[in-house]
Structures are given as structure tokens and as C-alpha cells.
Amino acid sequence: MAKSRILIQLDPDPHASVFDAVVGVDAGVEHLLQYHSVQPEQVRDLVHGAMFTRSPSDLSSTAVFVGGSNVAKGEELLRQVTKCFFGPMRVSVLLDANGANTTAAAAVLAAAKHVELKGATATILAGTGPVGQRAARLLVRQGATVRLASRTLQKAEETCQVIRTRVPEAKIQPVATASSSDTAAAIAGAQIVIAAGAAGIQLLSAEVLKQTTSLKVAIDLNAVPPLGIEGIGVMDKAKELGGVFCYGAIGVGGTKMKIHRAAIEKLFTRNDLVLDAEEVFALGQELV
Ligand code: NAP
């Protein structure tokens with residue numbers, strides 16, 4: 001008889017994310033075990049509890065989800081989780097702290113609907129945050145050239161360096177966007193712009209958007225007014241505006257949710273999956 005599906009939710013925040021829990025249940029998880037305020041040194045015992053309770057042939061019915069609001073902490077928890085595994089003694093694990101992997105995947109998939117990514121130029125405004133950084137990683141892996149923008153050139157360069165470490169062949173360049181004329185220059189000639197700035201921060205004006213003739217797709221991931229790209233509605237999904245296909249945060253959010261649920265379901269197909277940005281993106285490609 002198939003064992004019941006158990007998802008172990010590891011979250012570094014004081015309360016384990018309700019959002020992540022609801023998605024888990026909606027994805028068919030039968031038992032959700034939630035752990036909050038999880039510190040890296042506590043991971044081993046928690047994961048051992050998951051690994052050593054069922055026979056290897058039943059371990060595909062146990063999985064780990066690493067979430068919470070802090071992506072850097074989530075990455076460290078994921079590292080600690082994977083360190084516990086050996087031989088067949090492992091369970092599948094998904095990292096989606098702050099929705100960063102599923103959101104970046106959904107944004108890049110939206111862009112891919114309108115532009116051949118290989119050979120395209122994409123500008124990621126405020127690309128230094130976890131979502132922008134992942135979108136950049138996915139785009140360079142697909143053969144796009146990325147201009148990664150930040151208010152400070154040094155921060156942009158540091159982020160580009162992190163991406164080059166993971167993807168040595170990455171075509172990526174840092175760009176400083178301290179003014180709207182800098183932003184106009186950063187998107188001039190690009191086919192894709194993704195605004196990945198913090199909530200409630202406008203990064204691109206309608207005026208500059210209108211003047212940029214090369215753009216084919218513009219994606220804003222900020223759902224909190226003022227939105228990241230002026231003139232794009234939060235619900236927009238492939239809405240055409242002067243020849244540019246536009247997406248708002250909730251417009252992208254539908255695909256994000258679909259990928260999140262599918263990623264949880266996928267965890268229970270085998271016991272050796274580690275789903276980070278690239279794997280989540282590949283799953284999204286199968287869905288859209
Ligand atoms: P974040 O880390 O909060 O911010 C990203 C970047 O925004 C920062 O690295 C910073 O870049 C820039 N920034 C911060 N404050 C700013 C200010 N006052 N003025 C101008 N730029 C500023 O963002 P994130 O967690 O990566 O998320 C990116 C966006 O995606 C957010 O709007 C978030 O709400 C949204 N999101 C959406 C979903 C969804 O389902 N649709 C899911 C997750 C996240 P520099 O310092 O380098 O300029």
C-alpha cells in the first residue's frame with residue numbers, strides 16, 4: 001500500500017508560512033509537518049527523522065519544502081538538508097523561499113512566450129534581489145544577454161559575479177540606474193525588461209517605456225502600489241501596450257502558483273530530487 005504523502009516544511013521565520021502550507025495542501029499533501037524558526041544546525045536531526053523512518057522504497061512519499069521570507073537563509077537550510085543525504089537515504093526537496101524560484105521561473109516563461117530567449121537582450125531592473133538574480137540566472141542559461149541593473153554599479157557587479165560563478169558562460173553586464181535617463185539607456189535595444197524591485201517602488205516610467213522601441217515584453221513583479229512599471233496594471237497578462245506585451249505581478253502570479261503546486265507534486269514522484277531555480281524553471285517549461 002502506498003504510504004501517505006508527508007511534507008516537512010522548514011521555515012526560518014518565527015511562524016512557518018501559511019501561504020506555503022496552503023499550496024502544499026492544495027498540491028495533495030496528506031500530512032504537513034511544519035517547523036518554524038529553523039536554524040541551520042537544527043536541520044540534520046529534522047531531516048534524519050524524515051530519512052530513517054520509512055524504507056528507501058517508500059521515501060518518495062516523504063519530502064521537504066524549504067520556505068520562509070529570507071532567501072539567503074532558505075539557501076543555507078537547503079544546503080544543510082542536502083548534506084544529510086547519502087546513498088538511497090534521501091528525500092526530495094524544493095527550495096522556494098519568498099517564492100523566489102517560482103516567481104523568477106514564471107517571469108522568464110512569460111518572456112519566452114513572446115521572444116526567443118537565445119540571443120535576446122533582457123534588462124532586469126533592480127536585479128540584485130533574490131527574484132531578479134534568479135531571473136537573470138535563468139535567462140543567461142537560456143542564452144540571453146542580461147543587463148543587470150541596480151542603483152549602484154558595485155552592487156550590480158557583485159550580483160553579476162555571483163551569477164558568473166554559477167554560469168561561467170553567462171553573457172551578463174552590470175548597469176547602474178540612478179536616474180530615469182540611466183534606466184532609458186539600460187533598456188534601449190533590449191527586447192525584454194523585467195522590473196524586480198522591492199514592493200512599492202516605481203522603477204520605470206510610462207514615458208520611458210513608450211520611448212523604447214526595441215521592447216517586445218515588459219514584466220513587473222511588484223504588486224504593491226506604486227507599481228514597478230508605470231502604465232502596466234497588476235492584473236495584466238500579455239496585454240499589448242504600444243506593441244509591447246505587458247505583465248503585472250498578478251498576471252505572472254497565476255503561472256507562479258501553477259508551478260509551485262506542480263513542484264510539490266513532483267517531489268512525490270521520486271526521492272532524489274533537489275528543486276532549485278533551474279529545476280523549477282524546467283518544470284514550468286513542461287507546464288506552459
Ligand atoms: P527585494 O529583495 O525586496 O528588492 C529587490 C531590489 O529592489 C533590491 O535589491 C534593490 O536593488 C531594489 N530596491 C530596494 N529598495 C529600493 C528603493 N527604495 N528604490 C529603488 N530600488 C530599491 O525584492 P525580491 O524579494 O527580489 O522581489 C522582487 C519583487 O518581486 C518584489 O516586488 C516582490 O514583492 C515581488 N514578488 C512577487 C511575487 C509574485 O508572486 N508575483 C513573489 C515574490 C516576490 P538595488 O539596491 O540594487 O538598487
Side-chain angles (χ1 to χ4, degrees), residues 12-13 17-20 22-23 26 66-75 94-111 123-139 146-163 172-180 182-183 186-187 193-205 208 218-230 232-237 246-263 277 280-281 284:
D13 292 347
S17 161
V18 172
F19 181 100
D20 294 338
V22 172
V23 179
D26 284 352
V66 178
S69 61
N70 185 313
V71 181
K73 286 185 182 174
E75 284 173 334
L94 165 64
L95 171 68
D96 199 29
N98 206 28
N101 281 334
T102 48
T103 303
V108 173
L109 286 165
T123 301
I124 305 188
L125 299 173
T128 51
V131 175
Q133 205 175 120
R134 280 171 162 72
R137 213 164 102 188
L138 297 175
L139 283 162
V146 169
R147 299 175 186 162
L148 190 139
S150 162
R151 288 168 294 176
T152 49
L153 189 60
Q154 191 189 339
K155 198 170 163 190
E157 177 50 41
E158 284 165 8
T159 306
C160 289
Q161 207 39 51
V162 170
I163 292 167
I172 187 162
Q173 62 185 99
V175 186
T177 46
S179 66
S180 76
D182 290 344
T183 304
I187 61 174
V193 62
I194 298 177
I201 304 293
Q202 186 186 298
L203 297 172
L204 178 56
S205 69
V208 171
I219 299 167
D220 181 15
L221 297 174
N222 162 25
V224 180
L227 302 181
I229 303 181
E230 190 184 17
I232 295 186
V234 72
M235 308 292 290
D236 287 354
K237 188 174 179 182
C246 297
Y247 290 79
I250 297 177
V252 173
T255 306
K256 177 232 178 307
M257 293 304 300
K258 210 164 131 185
I259 297 172
H260 190 160
R261 280 192 292 271
V280 166
F281 178 71

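When a ligand or atom number is given, it counts from 1 through the structure's own listing order.
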*May I ask you to decide if Val71's main-chain N or O and Asn98's side chain share a donor-acceptor pair within less than 3.5 Å?*
no
*Distance to 0.1 Å, residue and atom name: give those for the protein heavy atom nearest to atom 43 (C) of ligand 1.*
Asn98 O, 3.3 Å
*Heavy-atom pair with the smallest gap, counting every atom of Thr102 and Ile259*: CG2-CG2, 4.1 Å
*Going by heavy-atom distance to atom 10 (C) of ligand 1, choose the closest among Met257, His260, Arg151.*
Arg151
*Test of proximity, Lys155 against ligand 1: N or O pairs below 3.5 Å*: yes
*asked:* Tell me the contacting part of Ile201 for ligand 1: side chain, backbone, both, or neither, using a 4.0 Å heavy-atom threshold, strictly below.
replied: side chain
*To the nearest 0.1 Å, how far is atom 34 (O) of ligand 1 from its closest protein heavy atom, and which atom is that?*
Ala199 CB, 4.1 Å
_Proximity flag Ala223 to ligand 1, non-hydrogen atoms under 4.0 Å_ = no
*Compare Ala198, Gly132, Pro130 and give the one whose heavy atom is closest to atom 2 (O) of ligand 1.*
Pro130
*Nitrogen or oxygen atoms of Ala149 and ligand 1 under 3.5 Å apart*: no
*Using atom types as modelled and distance alone, determine if a side-chain donor or acceptor of Asp236 lies under 3.5 Å from a backbone N or O of Ile232.*
no
_Considering non-hydrogen atoms of the protein only, which is the closest contact for atom 12 (C) of ligand 1, and what is the distance?_
Ala126 CB, 3.8 Å
*Side chain to side chain, Leu221 and Val252, heavy atoms closer than 4.5 Å*: yes
*Considering only non-hydrogen protein atoms, determine which one is nearest to atom 29 (C) of ligand 1 and report residue, atom name and distance to 0.1 Å.*
Gly197 O, 3.2 Å
*Picking from Thr123, Leu138, Ile172, what satisfies side-chain contact (heavy atoms from CB on, under 4.5 Å) with Val146?*
Ile172
*Protein heavy atom at shortest distance from atom 40 (O) of ligand 1*: Lys256 CD, 3.2 Å
*Measure from the side-chain N and O atoms of Asn101 to the backbone N and O of Asp96, and report whether any donor-acceptor pair falls under 3.5 Å.*
no
*How far is atom 8 (C) of ligand 1 from its nearest protein heavy atom, and which residue and atom is that?*
Thr128 OG1, 3.7 Å
*So which protein heavy atom does atom 39 (C) of ligand 1 come closest to, and at what separation?*
Thr103 OG1, 3.8 Å
_Students should be able to answer this: which protein heavy-atom is nearest to atom 35 (C) of ligand 1, and at what distance?_
Leu221 O, 3.1 Å
*Option passing side chain to side chain donor-acceptor pair (under 3.5 Å) with Glu158 (candidates Gln154, Lys155, Gln161)*: Gln154
_Main-chain N/O of Ala195 paired to Asn222 side chain as donor or acceptor, under 3.5 Å_ = no
